[in-house]
Amino acid sequence: MNAVVPTPPDPFFTVGTRLDGQLGRTGTIHTPHGDIATPSFVAVGTKATVKAVLPESMKELGAQSLLANAYHLYLQPGPDIVDEAGGLGKFMNWDGPTFTDSGGFQVMSLGVGFKKVLAMEAVGVRSDDVIAKGKERLATVDDDGVTFKSHLDGSRHRFTPEVSMQIQHQLGADIMFAFDELTTLLNTRGYQEQSVERTQAWAVRCIAEHEKLTAERSHRPYQALFGVVQGAQYEDLRRQACRGLESITGESGRGFDGYGIGGALEKQNLGTIVRWCNEELPEHKPRHMLGISEPDDFFVAIENGADTFDCVNPSRVARNAAIYHPDGRFNINTSRFRRDFTPIDENCDCYTCANYTSAYIHHLFKAKEMLASTLCTIHNERFTVRLVDQIRASIEGGYFGEFKADTLGRFYRT
(Lines give C-alpha, C1' and ligand atoms only; values in the text may rest on other atoms or scores of the structure.)
Protein backbone atom coordinates (compact mmCIF):
# COMPACT_ATOMS: atom_id res chain seq x y z
CA MET A 1 0.00 0.00 0.00
CA ASN A 2 1.42 3.37 -1.04
CA ALA A 3 1.99 6.02 1.61
CA VAL A 4 -0.09 9.18 1.40
CA VAL A 5 2.01 12.09 0.13
CA PRO A 6 1.77 15.10 2.50
CA THR A 7 0.04 18.17 1.06
CA PRO A 8 -0.12 21.77 2.29
CA PRO A 9 -3.09 23.00 4.33
CA ASP A 10 -5.93 24.15 2.10
CA PRO A 11 -5.83 27.08 2.02
CA PHE A 12 -2.21 27.67 2.96
CA PHE A 13 -2.72 31.43 3.10
CA THR A 14 -5.84 33.54 3.52
CA VAL A 15 -6.01 37.29 2.92
CA GLY A 16 -7.71 39.41 5.59
CA THR A 17 -8.06 43.20 5.60
CA ARG A 18 -6.63 45.17 2.68
CA LEU A 19 -4.89 48.51 3.02
CA ASP A 20 -6.87 51.09 1.03
CA GLY A 21 -5.13 52.20 -2.15
CA GLN A 22 -2.01 50.13 -1.49
CA LEU A 23 -0.80 46.54 -1.73
CA GLY A 24 -0.64 45.97 2.02
CA ARG A 25 -2.91 43.46 3.72
CA THR A 26 -3.36 41.31 6.77
CA GLY A 27 -3.64 37.56 6.46
CA THR A 28 -3.05 34.15 7.98
CA ILE A 29 -0.49 31.50 7.03
CA HIS A 30 -1.68 28.03 8.03
CA THR A 31 1.09 25.56 8.99
CA PRO A 32 1.13 22.10 10.61
CA HIS A 33 2.40 23.73 13.82
CA GLY A 34 -0.10 26.57 13.99
CA ASP A 35 -1.25 29.72 12.25
CA ILE A 36 0.82 32.87 11.68
CA ALA A 37 -1.17 36.11 11.68
CA THR A 38 0.40 38.51 9.19
CA PRO A 39 2.09 40.92 8.92
CA SER A 40 4.45 39.19 11.33
CA PHE A 41 8.09 39.37 12.36
CA VAL A 42 9.90 36.01 12.35
CA ALA A 43 12.63 36.01 14.99
CA VAL A 44 15.94 34.51 13.87
CA GLY A 45 17.39 31.58 15.80
CA THR A 46 20.40 30.96 13.58
CA LYS A 47 21.72 27.77 15.17
CA ALA A 48 18.35 26.56 16.49
CA THR A 49 18.39 29.21 19.23
CA VAL A 50 17.74 32.92 19.45
CA LYS A 51 21.05 33.85 21.00
CA ALA A 52 21.02 34.41 24.78
CA VAL A 53 17.33 33.58 25.37
CA LEU A 54 15.21 30.48 25.97
CA PRO A 55 12.69 29.37 23.34
CA GLU A 56 10.10 29.65 26.12
CA SER A 57 11.02 33.33 26.47
CA MET A 58 10.39 33.86 22.76
CA LYS A 59 6.93 32.36 23.16
CA GLU A 60 6.21 34.60 26.17
CA LEU A 61 7.22 37.76 24.33
CA GLY A 62 4.80 37.00 21.50
CA ALA A 63 6.94 35.51 18.72
CA GLN A 64 4.71 33.48 16.41
CA SER A 65 7.50 31.69 14.54
CA LEU A 66 11.28 31.28 14.42
CA LEU A 67 13.77 30.96 11.55
CA ALA A 68 16.94 28.86 11.65
CA ASN A 69 19.90 28.80 9.31
CA ALA A 70 20.36 25.80 7.03
CA TYR A 71 24.05 26.50 6.39
CA HIS A 72 25.01 26.67 10.05
CA LEU A 73 22.91 23.65 11.08
CA TYR A 74 24.37 21.67 8.18
CA LEU A 75 27.85 22.26 9.56
CA GLN A 76 26.86 21.80 13.20
CA PRO A 77 25.32 19.53 14.48
CA GLY A 78 24.33 18.16 11.06
CA PRO A 79 20.82 17.88 9.54
CA ASP A 80 20.69 14.13 10.20
CA ILE A 81 20.85 14.75 13.94
CA VAL A 82 18.06 17.35 13.77
CA ASP A 83 16.00 14.90 11.69
CA GLU A 84 16.59 12.10 14.18
CA ALA A 85 15.48 14.42 16.98
CA GLY A 86 12.12 14.86 15.24
CA GLY A 87 12.81 18.06 13.34
CA LEU A 88 13.85 21.58 14.18
CA GLY A 89 10.94 22.39 16.49
CA LYS A 90 11.35 19.33 18.68
CA PHE A 91 15.13 19.67 18.69
CA MET A 92 14.93 23.20 20.14
CA ASN A 93 11.74 22.72 22.20
CA TRP A 94 9.68 25.14 20.11
CA ASP A 95 6.15 23.99 19.31
CA GLY A 96 5.24 26.83 16.94
CA PRO A 97 5.85 27.29 13.21
CA THR A 98 9.45 27.29 11.96
CA PHE A 99 11.31 28.57 8.89
CA THR A 100 14.71 27.65 7.45
CA ASP A 101 16.64 29.63 4.87
CA SER A 102 18.42 27.92 2.01
CA GLY A 103 22.04 28.77 2.78
CA GLY A 104 22.11 31.24 -0.11
CA PHE A 105 22.90 34.27 2.03
CA GLN A 106 25.87 32.56 3.68
CA VAL A 107 27.16 31.49 0.28
CA MET A 108 27.19 35.13 -0.80
CA SER A 109 28.57 36.51 2.44
CA LEU A 110 31.34 33.92 2.49
CA GLY A 111 32.07 34.64 -1.12
CA VAL A 112 32.52 38.38 -0.69
CA GLY A 113 33.67 38.39 2.92
CA PHE A 114 30.99 40.71 4.30
CA LYS A 115 29.74 38.25 6.93
CA LYS A 116 26.26 39.25 8.15
CA VAL A 117 25.95 42.81 6.87
CA LEU A 118 25.17 44.12 3.39
CA ALA A 119 25.16 47.80 2.55
CA MET A 120 21.73 49.07 1.51
CA GLU A 121 23.04 51.53 -1.05
CA ALA A 122 24.49 51.19 -4.54
CA VAL A 123 27.22 53.82 -4.21
CA GLY A 124 30.57 52.41 -5.29
CA VAL A 125 32.49 50.84 -8.13
CA ARG A 126 30.64 48.16 -10.06
CA SER A 127 32.58 44.91 -10.01
CA ASP A 128 31.88 41.20 -10.31
CA ASP A 129 34.87 40.41 -8.14
CA VAL A 130 33.44 42.08 -5.04
CA ILE A 131 35.40 41.17 -1.92
CA ALA A 132 35.60 42.87 1.46
CA LYS A 133 38.96 44.44 2.28
CA GLY A 134 41.36 42.00 3.92
CA LYS A 135 39.02 39.01 3.50
CA GLU A 136 39.53 35.66 1.80
CA ARG A 137 36.98 34.37 -0.70
CA LEU A 138 35.46 31.28 0.90
CA ALA A 139 32.84 30.43 -1.74
CA THR A 140 32.74 30.13 -5.53
CA VAL A 141 29.57 29.96 -7.62
CA ASP A 142 29.01 28.07 -10.86
CA ASP A 143 25.87 27.15 -12.80
CA ASP A 144 25.45 23.87 -10.92
CA GLY A 145 25.89 25.16 -7.36
CA VAL A 146 28.39 26.55 -4.87
CA THR A 147 31.63 25.22 -3.41
CA PHE A 148 32.62 26.77 -0.11
CA LYS A 149 35.12 26.45 2.68
CA SER A 150 33.73 26.02 6.19
CA HIS A 151 34.31 29.02 8.43
CA LEU A 152 34.65 26.54 11.31
CA ASP A 153 37.45 24.23 10.21
CA GLY A 154 38.33 25.06 6.59
CA SER A 155 36.78 21.86 5.20
CA ARG A 156 35.29 22.07 1.70
CA HIS A 157 31.60 21.50 0.97
CA ARG A 158 29.28 21.58 -1.99
CA PHE A 159 25.77 23.10 -2.02
CA THR A 160 23.46 22.55 -4.97
CA PRO A 161 19.71 23.12 -5.19
CA GLU A 162 19.21 19.44 -4.48
CA VAL A 163 21.54 19.46 -1.48
CA SER A 164 19.81 22.53 -0.02
CA MET A 165 16.44 20.81 -0.35
CA GLN A 166 17.78 17.64 1.25
CA ILE A 167 19.21 19.57 4.19
CA GLN A 168 16.04 21.60 4.72
CA HIS A 169 13.80 18.55 4.52
CA GLN A 170 15.88 16.91 7.23
CA LEU A 171 15.68 20.06 9.35
CA GLY A 172 11.91 19.79 9.01
CA ALA A 173 10.78 23.44 9.17
CA ASP A 174 7.22 24.32 8.18
CA ILE A 175 8.47 26.83 5.59
CA MET A 176 11.74 26.66 3.67
CA PHE A 177 13.31 28.60 0.81
CA ALA A 178 14.62 27.62 -2.60
CA PHE A 179 18.38 27.82 -3.11
CA ASP A 180 19.31 31.10 -4.77
CA GLU A 181 22.32 33.22 -5.60
CA LEU A 182 22.40 36.43 -3.59
CA THR A 183 24.35 39.21 -5.28
CA THR A 184 25.50 42.58 -3.95
CA LEU A 185 24.51 46.04 -5.16
CA LEU A 186 28.06 46.43 -6.44
CA ASN A 187 27.78 43.63 -9.00
CA THR A 188 27.44 44.73 -12.62
CA ARG A 189 24.16 44.73 -14.50
CA GLY A 190 25.41 41.86 -16.66
CA TYR A 191 26.15 39.69 -13.64
CA GLN A 192 22.76 40.51 -12.11
CA GLU A 193 21.13 39.24 -15.32
CA GLN A 194 23.12 36.00 -15.13
CA SER A 195 22.24 35.60 -11.46
CA VAL A 196 18.48 35.93 -12.10
CA GLU A 197 18.72 33.27 -14.80
CA ARG A 198 20.80 31.01 -12.55
CA THR A 199 18.40 31.41 -9.63
CA GLN A 200 15.50 30.59 -11.97
CA ALA A 201 17.23 27.40 -13.13
CA TRP A 202 17.98 26.45 -9.53
CA ALA A 203 14.34 27.08 -8.60
CA VAL A 204 13.21 24.50 -11.17
CA ARG A 205 15.58 21.98 -9.62
CA CYS A 206 14.45 22.88 -6.11
CA ILE A 207 10.79 22.19 -6.87
CA ALA A 208 11.64 18.87 -8.51
CA GLU A 209 13.73 17.75 -5.53
CA HIS A 210 11.15 19.10 -3.08
CA GLU A 211 8.37 17.05 -4.67
CA LYS A 212 10.57 13.95 -4.68
CA LEU A 213 11.52 14.33 -1.01
CA THR A 214 7.94 15.15 0.03
CA ALA A 215 6.81 11.83 -1.44
CA GLU A 216 9.71 9.93 0.13
CA ARG A 217 9.25 11.49 3.57
CA SER A 218 5.54 10.88 4.00
CA HIS A 219 6.08 10.31 7.73
CA ARG A 220 6.72 14.05 8.14
CA PRO A 221 4.22 16.94 7.81
CA TYR A 222 4.22 18.91 4.58
CA GLN A 223 6.91 21.57 4.32
CA ALA A 224 6.01 24.66 2.29
CA LEU A 225 8.58 25.88 -0.24
CA PHE A 226 9.06 29.56 -1.11
CA GLY A 227 10.81 30.74 -4.24
CA VAL A 228 13.27 33.63 -3.85
CA VAL A 229 13.13 36.77 -6.00
CA GLN A 230 16.44 38.36 -7.01
CA GLY A 231 17.22 41.20 -9.42
CA ALA A 232 18.88 43.80 -7.18
CA GLN A 233 17.76 47.38 -7.94
CA TYR A 234 16.57 46.75 -11.51
CA GLU A 235 12.83 46.87 -12.18
CA ASP A 236 12.89 44.71 -15.30
CA LEU A 237 14.98 42.01 -13.58
CA ARG A 238 12.78 41.98 -10.47
CA ARG A 239 9.62 41.64 -12.55
CA GLN A 240 11.26 39.03 -14.77
CA ALA A 241 12.32 37.05 -11.71
CA CYS A 242 8.80 37.12 -10.25
CA ARG A 243 7.15 36.00 -13.48
CA GLY A 244 9.75 33.31 -13.93
CA LEU A 245 9.24 31.85 -10.47
CA GLU A 246 5.46 31.91 -10.82
CA SER A 247 5.72 29.95 -14.09
CA ILE A 248 7.44 27.02 -12.34
CA THR A 249 4.79 24.50 -11.33
CA GLY A 250 6.51 21.13 -11.07
CA GLU A 251 4.77 17.81 -11.66
CA SER A 252 2.16 18.55 -8.98
CA GLY A 253 1.09 21.73 -10.81
CA ARG A 254 1.11 23.58 -7.49
CA GLY A 255 4.30 25.58 -7.83
CA PHE A 256 5.78 27.52 -4.96
CA ASP A 257 3.69 27.93 -1.81
CA GLY A 258 4.95 31.49 -1.31
CA TYR A 259 7.78 33.80 -2.22
CA GLY A 260 10.75 35.44 -0.55
CA ILE A 261 11.92 38.85 -1.72
CA GLY A 262 15.68 38.65 -1.36
CA GLY A 263 18.90 40.19 -2.51
CA ALA A 264 20.64 43.39 -1.63
CA LEU A 265 18.11 46.22 -1.56
CA GLU A 266 18.66 49.97 -1.75
CA LYS A 267 17.10 51.37 1.43
CA GLN A 268 15.87 54.54 -0.26
CA ASN A 269 14.13 52.43 -2.93
CA LEU A 270 12.95 49.59 -0.68
CA GLY A 271 9.26 50.32 -1.08
CA THR A 272 9.52 50.69 -4.84
CA ILE A 273 11.39 47.40 -5.25
CA VAL A 274 8.93 45.55 -2.99
CA ARG A 275 6.03 47.03 -4.96
CA TRP A 276 7.51 45.91 -8.29
CA CYS A 277 7.68 42.37 -6.96
CA ASN A 278 4.25 42.28 -5.34
CA GLU A 279 2.55 43.71 -8.42
CA GLU A 280 3.77 40.56 -10.19
CA LEU A 281 3.49 37.87 -7.51
CA PRO A 282 0.15 36.06 -7.02
CA GLU A 283 -1.98 37.72 -4.38
CA HIS A 284 -3.18 34.46 -2.81
CA LYS A 285 0.33 33.44 -1.74
CA PRO A 286 2.39 34.95 1.12
CA ARG A 287 5.45 37.13 0.53
CA HIS A 288 8.41 37.13 2.88
CA MET A 289 11.04 39.87 3.17
CA LEU A 290 14.47 38.47 3.93
CA GLY A 291 16.61 40.48 6.36
CA ILE A 292 14.40 43.47 7.30
CA SER A 293 13.76 44.78 10.83
CA GLU A 294 14.06 48.57 11.14
CA PRO A 295 10.79 50.42 11.93
CA ASP A 296 10.75 52.53 8.76
CA ASP A 297 11.50 49.47 6.63
CA PHE A 298 8.57 47.58 8.18
CA PHE A 299 6.06 50.27 7.31
CA VAL A 300 7.24 50.80 3.74
CA ALA A 301 7.49 47.06 3.02
CA ILE A 302 4.09 46.28 4.53
CA GLU A 303 2.25 49.02 2.66
CA ASN A 304 3.79 47.61 -0.53
CA GLY A 305 2.55 44.09 0.11
CA ALA A 306 5.07 42.20 2.28
CA ASP A 307 3.61 39.76 4.82
CA THR A 308 6.46 38.38 6.94
CA PHE A 309 10.01 39.43 7.80
CA ASP A 310 13.11 37.98 9.42
CA CYS A 311 16.28 39.62 10.65
CA VAL A 312 19.05 38.97 13.19
CA ASN A 313 19.29 42.66 14.05
CA PRO A 314 17.16 42.86 17.23
CA SER A 315 19.24 40.20 18.97
CA ARG A 316 22.58 41.16 17.43
CA VAL A 317 22.47 44.82 18.45
CA ALA A 318 21.17 43.82 21.90
CA ARG A 319 24.41 41.94 22.55
CA ASN A 320 26.24 45.19 21.81
CA ALA A 321 24.14 47.15 24.34
CA ALA A 322 21.82 48.81 21.78
CA ILE A 323 18.19 49.01 22.87
CA TYR A 324 15.05 49.90 20.93
CA HIS A 325 12.66 52.46 22.40
CA PRO A 326 9.72 54.37 20.92
CA ASP A 327 11.97 57.44 20.99
CA GLY A 328 14.77 55.77 19.02
CA ARG A 329 17.70 53.41 19.47
CA PHE A 330 20.11 54.00 22.35
CA ASN A 331 23.23 52.43 23.81
CA ILE A 332 22.44 51.47 27.38
CA ASN A 333 26.10 51.18 28.34
CA THR A 334 26.58 54.97 28.11
CA SER A 335 26.82 57.17 31.20
CA ARG A 336 23.29 58.60 30.94
CA PHE A 337 21.90 55.25 32.12
CA ARG A 338 24.26 54.74 35.06
CA ARG A 339 21.76 56.08 37.60
CA ASP A 340 18.56 55.52 35.63
CA PHE A 341 16.40 53.44 37.97
CA THR A 342 13.48 53.18 35.56
CA PRO A 343 12.83 50.42 33.00
CA ILE A 344 14.14 50.70 29.45
CA ASP A 345 10.56 51.63 28.50
CA GLU A 346 7.92 52.12 31.18
CA ASN A 347 5.19 51.27 28.65
CA CYS A 348 6.83 48.03 27.47
CA ASP A 349 5.26 44.80 28.70
CA CYS A 350 8.35 42.58 28.28
CA TYR A 351 9.91 40.58 31.12
CA THR A 352 12.96 42.84 31.19
CA CYS A 353 11.02 46.08 31.58
CA ALA A 354 8.72 44.53 34.18
CA ASN A 355 11.59 43.43 36.42
CA TYR A 356 14.81 45.39 35.81
CA THR A 357 16.07 48.95 35.67
CA SER A 358 18.23 50.56 33.03
CA ALA A 359 20.89 51.19 35.68
CA TYR A 360 21.10 47.48 36.45
CA ILE A 361 21.41 46.53 32.79
CA HIS A 362 24.02 49.28 32.34
CA HIS A 363 25.96 47.69 35.20
CA LEU A 364 25.70 44.22 33.64
CA PHE A 365 27.26 45.43 30.40
CA LYS A 366 30.04 47.26 32.22
CA ALA A 367 30.70 44.11 34.28
CA LYS A 368 30.59 41.98 31.10
CA GLU A 369 27.89 39.74 32.56
CA MET A 370 26.07 37.42 30.14
CA LEU A 371 22.71 38.35 31.64
CA ALA A 372 23.03 41.75 29.94
CA SER A 373 22.61 40.14 26.51
CA THR A 374 19.67 38.07 27.70
CA LEU A 375 17.71 40.99 29.13
CA CYS A 376 18.37 43.31 26.18
CA THR A 377 17.54 40.62 23.62
CA ILE A 378 14.20 39.91 25.30
CA HIS A 379 13.36 43.61 25.17
CA ASN A 380 14.48 44.19 21.56
CA GLU A 381 12.69 41.10 20.26
CA ARG A 382 9.52 42.14 22.09
CA PHE A 383 9.78 45.67 20.71
CA THR A 384 10.10 44.33 17.16
CA VAL A 385 7.41 41.65 17.42
CA ARG A 386 4.99 44.08 19.04
CA LEU A 387 5.61 46.82 16.47
CA VAL A 388 4.64 44.53 13.59
CA ASP A 389 1.65 43.29 15.60
CA GLN A 390 0.59 46.92 16.08
CA ILE A 391 0.97 47.59 12.36
CA ARG A 392 -1.29 44.60 11.68
CA ALA A 393 -3.87 45.96 14.14
CA SER A 394 -3.69 49.40 12.50
CA ILE A 395 -4.52 47.91 9.11
CA GLU A 396 -7.44 45.99 10.56
CA GLY A 397 -8.59 49.08 12.48
CA GLY A 398 -8.28 51.48 9.56
CA TYR A 399 -5.68 53.81 11.11
CA PHE A 400 -2.45 52.64 9.43
CA GLY A 401 -1.53 56.10 8.08
CA GLU A 402 -1.89 57.81 11.44
CA PHE A 403 -0.02 55.05 13.26
CA LYS A 404 2.83 55.19 10.74
CA ALA A 405 3.19 58.96 11.04
CA ASP A 406 3.10 58.91 14.86
CA THR A 407 5.48 55.95 15.24
CA LEU A 408 8.13 57.05 12.75
CA GLY A 409 7.87 60.70 13.73
CA ARG A 410 8.68 59.76 17.30
CA PHE A 411 11.29 57.08 16.62
CA TYR A 412 13.37 59.16 14.20
CA ARG A 413 12.77 62.55 15.84
CA THR A 414 16.26 62.70 17.37
Side-chain angles (χ1 to χ4, degrees), residues 19 21-26 38-42 44 67 101 104-105 108-109 114 116-124 177 180 182-187 189 192 195-196 199 226-242 245 258-281 283 286-314 316-317 324 328-329 383-385 387-388 390-392 394-395 400-401 403-405 407-412:
L19 191 57
Q22 295 172 298
L23 295 174
R25 74 272 182 90
T26 67
T38 65
S40 177
F41 177 69
V42 183
V44 176
L67 180 144
D101 60 15
F105 180 88
M108 187 289 307
S109 60
F114 289 127
K116 299 175 182 176
V117 180
L118 281 181
M120 292 181 71
E121 60 180 42
V123 178
F177 290 89
D180 63 307
L182 172 59
T183 59
T184 78
L185 290 173
L186 301 182
N187 285 110
R189 162 74 193 217
Q192 301 288 5
S195 178
V196 167
T199 295
F226 284 23
V228 180
V229 179
Q230 294 293 348
Q233 66 270 43
Y234 301 103
E235 178 177 4
D236 60 328
L237 294 185
R238 285 285 179 179
R239 292 185 183 275
Q240 173 190 328
C242 290
L245 291 173
Y259 299 89
I261 300 174
L265 297 163
E266 292 176 298
K267 186 178 179 72
Q268 67 270 29
N269 292 324
L270 175 65
T272 300
I273 294 171
V274 174
R275 176 174 51 79
W276 292 338
C277 296
N278 290 331
E279 285 176 346
E280 300 289 344
L281 294 173
E283 194 178 65
R287 307 127 173 191
H288 180 86
M289 283 293 302
L290 293 142
I292 296 294
S293 72
E294 289 301 303
D296 55 340
D297 295 336
F298 281 141
F299 280 98
V300 73
I302 287 170
E303 65 192 7
N304 284 288
D307 300 305
T308 52
F309 312 84
D310 77 89
C311 192
V312 299
N313 211 51
R316 185 177 64 220
V317 302
Y324 284 101
R329 201 173 99 177
F383 176 93
T384 307
V385 165
L387 175 58
V388 180
Q390 290 171 330
I391 295 174
R392 181 174 68 249
S394 76
I395 296 174
F400 173 85
F403 182 65
K404 175 185 176 182
T407 301
L408 298 185
R410 182 178 176 185
F411 189 84
Y412 294 103

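In this text the structure is predicted, and so the values were computed from the model without any measurement. Values below: all heavy atoms of this structure, side chains included; hydrogens, waters and symmetry mates excluded.
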Asker: Which pair of heavy atoms, one from Val196 and one from Ala241, lies closest together, and at what distance?
Answerer: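 Answer, listing the atom of Val196 first, then Ala241: CG1-CB, 4.0 Å.
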Asker: Do the side chain of Arg25 and the main chain of Glu283 share a donor and acceptor less than 3.5 angstrom apart?
Answerer: yes
Asker: Kindly give the heavy-atom pair with the smallest separation between Trp276 and Arg239, and that separation in Å.
Answerer: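 Heavy atoms of Trp276 and Arg239 come nearest at CD1-NH2, 3.4 Å.
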Asker: With Phe299, which residues qualify under ring-ring contact (aromatic ring centres under 6.0 Å, His included), at least two apart?
Answerer: Phe400, Phe403
Asker: Just verifying a value: how many Å separate Ile292 CD1 and Thr308 OG1, rounded to the nearest 0.5 Å?
Answerer: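 Going from CD1 on Ile292 over to OG1 on Thr308, the span is 12.0 Å.
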Asker: Under the side chain to side chain contact (heavy atoms under 4.5 Å, CB included) rule, what do Leu270 and Met289 come out as? Steps first, then yes or no, please.
Answerer: CA-CA 11 Å; Leu270 175 65; Met289 283 293 302; 3.8 Å; yes
Asker: Counting N and O atoms only, with roles assigned by atom type, does the side chain of Asn278 sit under 3.5 Å from a partner on the main chain of Gly305, one being a donor and the other an acceptor?
Answerer: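 Here the side-chain-to-backbone pair exists.
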Asker: Give a yes-or-no answer on whether the side chains of Gln230 and Asp180 include a donor-acceptor pair shorter than 3.5 Å.
Answerer: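 A donor-acceptor contact under 3.5 Å links the two side chains.
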Asker: Give me the atom names and distance for the closest heavy-atom approach of Asn313 to Tyr324.
Answerer: ND2-OH, 3.0 Å
Asker: Indicate yes or no: does Lys267 engage Glu294 in a salt bridge with an N to O separation below 4.0 Å.
Answerer: no
Asker: Where is the tightest heavy-atom contact between Val274 and Ala301, given as atom of each residue plus distance?
Answerer: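 Answer, listing the atom of Val274 first, then Ala301: CG1-O, 3.9 Å.
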Asker: Would you name the heavy atoms of Ser293 and Pro314 that are closest together and state the gap between them?
Answerer: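 Minimum heavy-atom contact is OG-CD, 3.9 Å.
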Asker: State which residues pass ring-ring contact (aromatic ring centres under 6.0 Å, His included) with Tyr412; sequence neighbours excluded, sorted by chain then number.
Answerer: none
Asker: Please step through ring pair (Phe, Tyr, Trp, His ring centres under 6.0 Å) for the pair Phe226 and Phe177, ending with a clear verdict.
Answerer: CA-CA 5 Å; Phe226 284 23; Phe177 290 89; 5.5 Å; yes
Asker: What heavy-atom pair brings Arg287 and Leu281 nearest, and what distance separates the two atoms?
Answerer: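 Heavy atoms only, the tightest pair is NH2-O, 3.7 Å.
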Asker: Is any side-chain heavy atom of Ile302 less than 4.5 Å from a side-chain heavy atom of Phe309?
Answerer: yes
Asker: Is the side chain of Ser394 donor-acceptor paired with the backbone N or O of Ile391 at a distance under 3.5 Å, no angle test?
Answerer: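 At least one qualifying donor-acceptor pair exists.
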Asker: Just how far is it from atom CG of Leu290 to atom CG of Leu67, taken to the nearest 0.5 Å?
Answerer: 8.0 Å
Asker: First locate atom CG of Leu387, then atom CZ of Phe41, and finally report the distance between them rounded to the nearest 0.5 Å.
Answerer: 10.5 Å
Asker: Is there a donor-acceptor contact under 3.5 Å from the side chain of Arg392 to the main chain of Pro39?
Answerer: yes
Asker: For the pair Phe298 and Thr384, evaluate side chain to side chain contact (heavy atoms under 4.5 Å, CB included) and give the outcome as yes or no after the intermediate values.
Answerer: CA-CA 10 Å; Phe298 281 141; Thr384 307; 3.6 Å; yes
Asker: Pick one: which of Val42, Asp101, Ile261 meets side-chain contact (heavy atoms from CB on, under 4.5 Å) with His288?
Answerer: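 Going through Val42, Asp101, Ile261 one by one, the side-chain contact (heavy atoms from CB on, under 4.5 Å) with His288 is satisfied by Val42 alone.
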Asker: Calculate, to the nearest 0.5 Å, the distance between atoms OG1 and CG belonging to Thr272 and Asn304 respectively.
Answerer: 7.0 Å
Asker: To the nearest 0.5 angstrom, please state how far the CD atom of Gln390 sits from the CD1 atom of Ile395.
Answerer: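 Result: 12.5 Å between the selected atoms.
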Asker: To the nearest 0.5 Å, tell me how far Leu185 CG sits from Gln233 CD.
Answerer: 5.0 Å
Asker: What I want to find out is whether Arg238 reaches Glu280 closely enough, with some N-O distance under 4.0 Å, to be called a salt bridge.
Answerer: no
